[in-house]
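In this text, all values refer to a predicted model and were calculated from it rather than measured experimentally. Note on naming: letters A, B, ... go to the chains in the order of the sequence lines (proteins, then strands), and numbering restarts at 1 for each one.
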Amino acid sequence: MRWSEAFIPTLRDAPADAEAVSHVLLVRGGFIRQLAAGSYTILPLGQRVRLKVANIIREEMNAIGGQEMMPPTLHPAEIWRKSGRYELMGENLYKLVDRKGADLVLGMTEEEIFAITAMELSSYRDMPQIWYQVHTKFRDEARPKSGLLRVREFTMKDAYTLDIDRAGLDAGFEKHRGAYQRIFARMGLDALGVEASSGAMGGSESVEFMVRSDAGEDWIVTCSNCDYRANVERAISAVGEVDDGDPADLDRFPTPGLRTIKALAEAHPDVATPERQIKTLVYVLDGEQVLVLLRGDHDLQEQKLLDATAAVEARAATPEEIRPLLGADPGSLGAVGVNGPRIIADEALRGRSNLVTGANEDDWHHSGVAVGRDIEVSLWADVREVHSGEPCPLCGGELELWKGIEVGHIFKLGTKYSETFGVYVQDEKGDSHPIIMGSYGIGVERGMAAVVETFHDDKGIIWPVSVAPYEVVITVVRADDQPTLDAAERLYTELDAAGVEVLLDDREERPGVKFADAELIGIPYRVTVGPRGVEQGIVELTTRRDLVTEETAIDGVVARLSEAIYVQRHGA
RNA sequence: CGGGCUGUGGCGCAGCUUGGUAGCGCGCUUGCUUUGGGAGCAAGAGGCCGUCGGUUCGAAUCCGACCAGCCCGACCA
């Protein structure tokens with residue numbers, strides 16, 4: 001491609017409303033333009049990257065036996081009502097009505113559609129199957145943000161495994177784990193597979209692939225000593241033992257004006273250190289008011305609460321809801337003697353005694369509280385959020401927290417969708433079994449953005465060869481100098497013939513503009529052709545990653561570049 | 001959905017307090033000069049000032065409603 005004929009609208013100034021590095025650089029480099037919140041036009045340069053990412057995904061999916069197909073994105077609402085997700089997905093699901101008044105839905109993930117397609121299968125002999133698509137998904141995000149990182153319309157590779165038994169699912173899951181590791185590695189990404197919550201997908205087990213980045217929206221817990229890694233929505237840590245002393249009798253004491261764990265601990269350091277208090281939270285789970293108990297120095301992880309109770313929506317109750325329920329305001333709440341709402345207690349409170357908690361009367365607290373004796377717990381669960389520095393649950397090493405971008409997520413779904421849609425196959429004895437499904441997603445554009453978040457400097461993007469829009473840019477220093485232009489054209493033709501993707505910067509611009517643009521759009525190799533060098537049969541070769549330049553004979557440059565690129569093209 | 005901020009040529013911004021012919025930088029067009037790290041001079045093109053309504057002789061500017069976008073939070077397969 002000749003730059004003079006290409007549509008590569010680079011910008012000198014960053015758009016005012018872009019914050020994330022990938023957002024700024026993709027807009028400035030002429031890869032994308034915003035149409036509306038969370039809605040982008042992918043420009044020619046962006047499309048080349050997007051197709052390369054999609055092709056890497058396709059190659060690795062095909063390599064594990066995946067078969068690409070193309071279901072519709074527009075679905076009858078009936079299907080989603082049947083799976084229960086018409087309601088479950090809430091406002092994130094785009095809902096529309098056609099001319100006949102029929103309700104329709106735009107697909108945001110497609111377990112339902114693939115389950116229905118799987119009704120064609122009837123025998124264990126048909127198993128296993130790996131089906132996938134690379135297609136548009138729609139999500140009415142409450143808050144699209146950060147350019148391509150969180151949008152309302154995007155391309156997702158979603159794959160589904162169909163097996164007759166658990167062992168088949170496990171095998172399919174492991175195949176995908178491997179494929180995903182290869183896909184992200186080929187994109188240059190260091191994506192770590194971490195334990196995750198399955199959320200609204202349902203299912204038993206899931207692994208997210210996270211790329212470390214401050215632009216990410218998830219917090220990840222990793223051990224500095226062993227391989228333990230998990231999303232905070234799922235992560236656990238070893239809790240230190242607390243010496244409660246001998247169990248005491250339940251008692252009350254006045255605590256005027258002491259409304260926080262900290263204030264109470266400072267006023268009564270002998271009995272009420274934070275780890276010897278019970279934190280009582282009132283939550284509303286799908287409309288049901290519940291008490292959630294935690295150790296005083298611990299915090300609630302809401303997703304854990306949802307997972308433990310199979311609830312869909314959790315929110316903190318308001319003071320107006322709490323007073324009629326418990327008879328006191330936040331600051332003096334407790335679960336002693338409460339029997340009405342369900343009481344969900346964190347595992348860290350199990351077996352504890354001699355504790356302090358609110359007495360459900362303003363300005364009074366209980367002391368000597370023994371959890372089993374004085375509080376009737378309805379459900380024990382791990383609902384505590386792990387904090388940085390706590391001991392690893394596996395090895396005791398120090399846990400670290402970091403922010404990550406979720407570039408992929410794989411789920412063991414089980415039979416939820418096959419049972420709903422009646423997808424059964426017969427085994428060798430003729431018995432029917434619901435198909436066991438797995439579901440596996442990668443966000444294509446988010447992956448592109450994650451690459452930019454990972455590889456950039458103050459001059460612009462640094463694409464890995466495997467996903468670069470072009471592999472080489474030939475910068476013609478003097479486009480008006482005929483020998484220079486001739487030499488550049490010859491290189492352009494030869495590189496093209498050698499199968500290298502090359503962009504010829506033949507624009508009548510000053511060199512500084514061309515260098516700056518080449519660096520901004522992140523082409524891995526730059527060949528600089530200028531009058532001085534051409535006279536001596538020499539060009540300059542610059543690598544984008546380290547911006548190191550060396551002079552080299554024109555004659556050898558094509559062979560050299562095609563070799564270097566060939567080995568990098570399929571990923572690091 | 002709650003909180004904060006912003007809407008003025010393609011991009012970045014000023015003008016609004018105190019109403020009176022819409023401005024600057026970059027980019028774009030043409031010409032000349034220049035040419036190894038975002039050139040100089042000259043002449044140009046390009047704007048329903050987010051939308052609707054109100055106040056006024058007169059509104060980018062004042063008032064109201066709405067819409068859109070960004071950031072924080074809630075939410076998020």
Table of protein N/O atoms under 3.5 Å from nucleotides 7-12 of chain B N/O atoms:
unit_1 : atom_1 : unit_2  : atom_2 : d
B:G12  : OP1    : A:Ala16 : N      : 2.7

Does OP1 or OP2 of B:C70 have a side-chain N or O of A:Gln34 closer than 4.0 Å?
yes
Could you check which residues of residues 69-83 of chain A get a heavy atom under 4.0 Å from RNA chain B? Sort them by number, please.
none
Answer with base, sugar-phosphate or nothing: what part of the nucleic acid does A:Arg315 contact at a heavy-atom distance below 4.0 Å?
nothing
Residue-level proximity of residues 444-462 of chain A to RNA chain B when a heavy atom falls under 4.0 Å
none
Listed partners of A:Ser197 passing side chain to side chain contact (heavy atoms under 4.5 Å, CB included), at least two apart
A:Glu233, A:Gln303, A:Asp307
With A:Gln289, which residues qualify under side-chain hydrogen bond (donor to acceptor under 3.5 Å, both in side chains), at least two apart?
none
Residues which pass side-chain hydrogen bond (donor to acceptor under 3.5 Å, both in side chains) with A:Asp458, listed by chain and number, not counting sequence neighbours
none
Could you identify the nucleotide paired to B:C66, looking across every strand shown and requiring Watson-Crick or G-U wobble geometry with both distances under 3.5 Å?
B:G50
Heavy atoms under 4.0 Å, any strand shown: does A:Asp158 hit a base, just sugar-phosphate, or nothing?
nothing
side-chain hydrogen bond (donor to acceptor under 3.5 Å, both in side chains) partners of A:Asp517, counting only residues at least two apart
A:Thr10, A:Arg507
Show me the protein contacts with nucleotides 32-36 of chain B, counting only N or O atoms at under 3.5 Å.
unit_1 : atom_1 : unit_2   : atom_2 : d
B:U34  : O2     : A:Arg510 : NH1    : 3.0
B:U35  : O2'    : A:Arg478 : NE     : 3.4
B:U35  : O2'    : A:Arg478 : NH1    : 3.1
B:U35  : O4     : A:Asp480 : OD2    : 3.1
B:G36  : N1     : A:Glu540 : OE2    : 2.8
B:G36  : N2     : A:Glu540 : OE1    : 2.2
B:G36  : N2     : A:Glu540 : OE2    : 2.9

Return all side-chain donor-acceptor pairs below 3.5 angstrom for residues 24-35 of chain A, not counting sequence neighbours, or 'none' if the list is empty.
unit_1  : atom_1 : unit_2  : atom_2 : d
A:Arg28 : NE     : A:Leu11 : O      : 3.0
A:Arg33 : NH1    : A:Val27 : O      : 2.7
A:Arg33 : NH2    : A:Pro9  : O      : 2.7
A:Gln34 : NE2    : A:Ala36 : O      : 3.4

For A:Tyr40, all residues meeting ring pair (Phe, Tyr, Trp, His ring centres under 6.0 Å), sequence neighbours excluded:
A:His23
What is the pairing partner of B:G23, taking Watson-Crick or G-U wobble pairs with both distances under 3.5 Å in any strand?
B:C13
Pairs: protein N or O with nucleotides 43-50 of chain B N or O, under 3.5 Å:
none

Using the test side chain to side chain contact (heavy atoms under 4.5 Å, CB included), find all partners of A:Glu551 that sit at least two apart in sequence or belong to another chain.
A:Ile538, A:Glu540
